[in-house]
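Remember, predicted model here, so these are calculated numbers, not experimental data. In what follows, chains carry the letters A, B, and so on, assigned in the order in which the sequence lines appear, proteins first and then strands, with residues in each chain numbered from 1.
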Number of protein chains: 2
Amino acid sequence: MKTDCEHCPLRQIGLFEEMTKDEVHYMSRFKTGEFVAQPGTEILAEGASSSQLYTALDGMGLRYKTLEDGSRQVVGFVLPGDFIGLQSGVMGEMRHSVEATTRMTMCVFNRSELWELFKNQPRRAFDLTHVAATEEFLLGEMLAAVGQMDGLAKIAWVLNRFFTRLTALGLNENDQVPLPYRQQDVADAMGLSLVHTNKTLAKLRAKGVVTWSDDTLTVHRPDELAQLGFSTGVKPAQRPLI
Amino acid sequence: MKTDCEHCPLRQIGLFEEMTKDEVHYMSRFKTGEFVAQPGTEILAEGASSSQLYTALDGMGLRYKTLEDGSRQVVGFVLPGDFIGLQSGVMGEMRHSVEATTRMTMCVFNRSELWELFKNQPRRAFDLTHVAATEEFLLGEMLAAVGQMDGLAKIAWVLNRFFTRLTALGLNENDQVPLPYRQQDVADAMGLSLVHTNKTLAKLRAKGVVTWSDDTLTVHRPDELAQLGFSTGVKPAQRPLI
DNA sequence: CCTCGCTATGTCGTAGTTTAATGCAGAGAA
DNA sequence: TTCTCTGCATTAAACTACGACATAGCGAGG
């Protein structure tokens with residue numbers, strides 16, 4: 001688990017290259033150098049224009065939008081290493097809310113430092129746009145899944161994405177990854193009802209593909225899971241030349 | 001209609017501040033300084049890493065992803081002033097394809113100029129990230145619509161978005177805006193079948209809210225349209241304090 | 001103990017898909 | 001001109017995946 005700000009991605013891209021660790025931590029608001037959010041806490045609200053940005057060091061959360069009719073669309077999952085509040089740093093206002101689903105420790109820094117980065121370290125600023133582009137990429141993939149797949153494929157797809165990302169983060173132990181979400185969260189992410197999500201999960205369980213309980217996802221057949229939640233990004237079929 | 005590169009948004013944000021118009025246009029590949037795409041042409045393919053970026057000056061198109069099973073998810077509509085290929089400029093590879101649905105004229109420039117921008121004009125580079133953030137915002141809104149709304153709301157939402165954006169571009173004449181897309185495009189954007197999209201459009205027509213024919217959308221009751229495609233971005237209801 | 005939040009499962013109605021058939025305008029050929 | 005072909009809009013009928021509702025179980029916390 002990454003609990004040291006040494007691993008903070010903003011440090012990796014050089015925002016803090018010339019700073020000591022004490023300077024890195026945003027000290028004025030929270031007594032510890034790190035901001036700790038408790039489960040169920042709203043870290044940033046849609047429409048808020050926070051003067052702080054965060055990077056998740058440990059723990060997980062989710063990004064969501066709320067619609068006029070009260071329904072909720074989960075637009076992403078926050079894993080260790082992810083940015084929080086980049087939109088508010090760039091656009092001045094968050095376009096979605098962020099909530100912690102576990103205890104989260106975050107590295108906090110001022111929005112003004114982002115502008116310093118652009119002024120003083122163009123290479124790092126350029127790198128930073130990769131982060132924004134990656135976020136957009138994940139959103140596009142999710143849109144394709146929500147728009148085109150049926151229930152079983154949606155659930156398999158999102159579980160497979162969790163499994164893949166968490167494995168890449170080194171959080172995979174014997175095909176088990178932490179998954180501290182409720183079925184309602186997955187349902188709101190994939191545009192399904194809670195009941196249907198539950199039944200689809202039961203189907204996957206019956207097939208022996210995955211089990212998910214106690215905030216832990218166990219993938220018994222990774223290849224079958226990937227097969228069910230078939231991927232996007234395929235070149236369109238060639239149009240017949242005649 | 002914007003047909004002059006003076007209006008190119010990249011010029012507006014200063015990429016070409018010190019350049020003459022002739023320099024602005026990318027001359028080596030196309031005889032005219034502007035790249036012209038014919039209807040139905042694929043401008044950039046998913047997975048491609050083009051060395052050129054474009055901004056749409058005139059005409060419209062759409063962004064889409066293709067899934068393994070052959071289905072298509074439209075992830076956005078390209079209107080005059082939009083960027084094309086920003087992702088390939090930043091990440092090196094396009095995450096979706098772009099196709100022209102009308103004759104499109106575009107301003108072409110080299111990817112390397114993007115890096116020059118970051119090196120020499122940090123303020124402009126910072127502005128540029130607004131563009132990326134805006135694209136992400138639109139994607140998030142669309143995800144919420146596709147994931148949470150029912151058929152009627154989806155169609156009303158996307159028509160209302162067209163109407164709003166095109167009005168902002170000054171393309172609204174007597175509540176009529178150009179809409180050079182097929183019903184299939186709208187269906188693929190909102191995750192509905194062509195048939196159901198058609199029926200829903202018929203419903204809106206019967207209600208006297210909109211008519212859409214000959215690539216022209218006429219909105220008879222803008223407020224009712226906005227009402228039907230209710231918006232996102234609402235603050236979540238306060239949790240009861242008790 | 002009871003309540004609350006979450007998971008689990010069955011029944012039923014409907015919104016949406018699939019398939020198919022019709023119409024209609026534009027383009028190309030004779 | 002007239003015929004045909006092609007792409008798109010339209011409408012109907014049959015089928016189904018999914019949502020709504022109801023109900024039960026289970027563990028945590030007051």
Side-chain angles (χ1 to χ4, degrees), chain A residues 38-40 62 67 69-74 99 101-102 145-157 159 179-207 210-218 228 239-242, chain B residues 38-41 62 67 69-73 99 101-102 145-156 159 179-206 210-218 228 239-242:
Chain A
Q38 295 305 321
L62 46 83
L67 281 76
D69 68 346
S71 60
R72 182 182 74 147
Q73 174 66 46
V74 171
E99 176 185 322
T101 58
T102 69
V146 172
Q148 302 301 129
M149 297 181 184
D150 64 8
L152 186 64
K154 282 181 183 178
I155 299 296
W157 180 86
L159 292 184
L179 200 58
Y181 298 100
R182 296 165 300 159
Q183 296 187 358
Q184 183 72 62
D185 297 330
V186 171
D188 287 345
M190 304 314 291
L192 296 173
S193 70
L194 170 61
V195 176
H196 197 244
T197 299
N198 183 296
K199 284 182 197 175
T200 308
L201 283 169
K203 226 176 266 181
L204 286 174
R205 210 183 309 131
K207 279 173 178 271
V210 297
T211 53
W212 176 21
S213 59
D214 297 324
D215 290 350
T216 300
L217 175 72
T218 308
L228 287 170
R239 301 178 191 177
L241 296 175
I242 302 181
Chain B
Q38 295 304 321
T41 310
L62 45 83
L67 281 75
D69 68 347
S71 61
R72 184 182 71 147
Q73 175 67 45
E99 177 185 322
T101 59
T102 69
V146 172
Q148 303 302 324
M149 296 180 184
D150 64 8
L152 184 65
K154 282 182 184 179
I155 300 296
L159 292 184
L179 200 58
Y181 298 100
R182 297 165 300 159
Q183 296 187 357
Q184 182 71 63
D185 297 330
V186 172
D188 288 345
M190 304 313 292
L192 296 173
S193 70
L194 170 62
V195 175
H196 196 243
T197 299
N198 183 298
K199 277 194 241 187
T200 308
L201 283 169
K203 226 177 268 181
L204 286 174
R205 209 183 309 130
V210 298
T211 54
W212 175 23
S213 59
D214 297 324
D215 290 350
T216 300
L217 175 72
T218 307
L228 287 170
R239 300 180 192 174
L241 295 177
I242 304 178

Sort me out a list of protein N/O and nucleotides 26-30 of chain D N/O pairs below 3.5 Å, or just none if empty.
none

Looking at A/Ala187 and A/Thr197, what are the two nearest heavy atoms and their distance?
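A/Ala187 and A/Thr197 have their closest heavy atoms at CB-OG1, 3.2 Å.
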Please name all residues satisfying side chain to side chain donor-acceptor pair (under 3.5 Å) with [X], sequence neighbours left out, ordered by chain then number.
X        : result
B/Thr211 : B/His220
A/Gln73  : B/Gln148
B/Ser71  : B/Asp69
B/Thr216 : none

Enumerate the side-chain hydrogen bond (donor to acceptor under 3.5 Å, both in side chains) contacts for residues 181-193 of chain B, please, sequence neighbours excluded, ordered by first and then second residue.
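Applying side-chain hydrogen bond (donor to acceptor under 3.5 Å, both in side chains) to every pair that reaches into residues 181-193 of chain B, excluding sequence neighbours, yields B/Arg72-B/Asp185, B/Arg72-B/Asp188, B/Arg182-B/Asp185, B/Gln183-B/Asn198, B/Gln184-B/Asp188.
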Whole-Å gap separating [atom2] ([N]) and [atom1] ([X]):
X        : N      : atom1 : atom2 : value
B/Leu201 : D/dT11 : CG    : P     : 11 Å
A/Leu204 : C/dA8  : CG    : C1'   : 15 Å
A/Lys154 : D/dC18 : NZ    : P     : 7 Å
B/Gln148 : D/dG19 : CD    : P     : 10 Å
A/Asp215 : C/dT7  : CG    : C1'   : 13 Å
A/Gln184 : C/dG5  : CD    : P     : 13 Å

Tell me every residue that passes side-chain contact (heavy atoms from CB on, under 4.5 Å) with A/Asp215, counting only those two or more places apart in sequence or in another chain.
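With neighbours one apart ignored, the set is A/Pro180.
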Any side-chain heavy atom of B/Leu204 within less than 4.5 Å of one from B/Leu228?
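They are in contact (side-chain heavy atoms under 4.5 Å apart), so the answer is yes.
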Test item: A/Val186 and A/Leu201 side chains (from C-beta on) under 4.5 Å apart, heavy atoms
no
Rounded to the nearest 0.5 Å, what's the gap from [atom1] on [X] to [atom2] on [Y]? Could you check?
X        : Y        : atom1 : atom2 : answer
B/Lys199 : B/Leu192 : NZ    : CG    : 12.0 Å
A/Arg205 : A/Thr200 : CZ    : OG1   : 11.0 Å
A/Gln38  : A/Thr101 : CD    : OG1   : 12.5 Å

Bend angle of the helix from C/dC1-D/dG30 to C/dA30-D/dT1 from five-pair axes at both ends, rounded to 10°?
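Answer rounded to 10°: the end axes differ by 30°.
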Tell me which pairs pass ring pair (Phe, Tyr, Trp, His ring centres under 6.0 Å) where either residue lies in residues 182-206 of chain B, with sequence neighbours left out.
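Pairs touching residues 182-206 of chain B that pass the test: none.
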Quick check on C/dA8: is either OP1 or OP2 less than 4.0 Å from any side-chain nitrogen or oxygen of A/Asn198?
yes
Go along nucleotides 10-20 of chain C 5' to 3' and tag each nucleotide: B for a protein heavy atom under 4.0 Å from its base, S when only backbone or sugar atoms are that close, - otherwise.
BB----SBBB-
Table of protein N/O atoms under 3.5 Å from nucleotides 6-8 of chain D N/O atoms:
residue, atom, partner, partner atom, Å
D/dC8, OP1, B/Arg182, NH1, 3.4

